[in-house]
Amino acid sequence: MYNTQQLSKLMFLSWEIQRKRNISRTKALLSAWAILQNEDITVFHLTRKFSHTHYPNKIQNGSLTLF
């Protein structure tokens, strides 16, 4: 199943989501779980969102992780 480190990441992320979005605990846990399950897609979209169009990124997408 999951190890302790993965569960602690899930809980930390869900607490942050719950605090910042003022949503219920259940919705925060579901959101955090979805983010962690799709970590590679999330990193790709965040990299693309914060990239500049005038010059390429100095960091490759494959070397980035969410945590």
Side-chain angles (χ1 to χ4, degrees):
M1 185 84 182
Y2 291 103
N3 64 23
T4 307
Q5 188 177 23
Q6 289 172 326
L7 290 175
S8 65
K9 286 179 187 177
L10 177 68
M11 294 305 290
F12 176 76
L13 185 58
S14 68
W15 285 326
E16 289 292 317
I17 292 170
Q18 184 179 9
R19 232 182 321 229
K20 291 183 180 184
R21 301 284 181 174
N22 292 326
I23 60 175
S24 69
R25 187 78 188 127
T26 304
K27 286 184 180 181
L29 274 169
L30 286 172
S31 299
W33 183 78
I35 289 169
L36 289 178
Q37 289 297 312
N38 300 307
E39 182 177 1
D40 54 340
I41 297 169
T42 305
V43 169
F44 171 75
H45 285 290
L46 287 173
T47 304
R48 197 172 81 193
K49 179 180 178 180
F50 293 108
S51 296
H52 299 283
T53 56
H54 302 293
Y55 56 89
N57 291 335
K58 295 179 181 176
I59 299 173
Q60 299 297 322
N61 288 346
S63 65
L64 296 174
T65 60
L66 196 55
F67 289 101

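This structure is a prediction, so every number in the text was calculated from the model and none was measured.
- Remark: Ser31 OG to Leu36 CG distance equals 11.0 Å, nearest 0.5 Å.
- In this structure, Gln37 contributes its side chain and Ala34 its backbone to no donor-acceptor pair below 3.5 Å.
- Here the straight-line distance linking atom CG of Leu7 with atom CZ of Phe12 works out to 15.0 Å at 0.5 Å rounding.
- With sequence neighbours left out, the side chain to side chain donor-acceptor pair (under 3.5 Å) criterion links Arg25 to Ser14, Gln18.
- For Leu30, the side-chain contact (heavy atoms from CB on, under 4.5 Å) criterion is met by Thr26, not counting sequence neighbours.
- Between Ile35 and Ile17, the closest heavy-atom pair is CD1-CD1, 4.0 Å.
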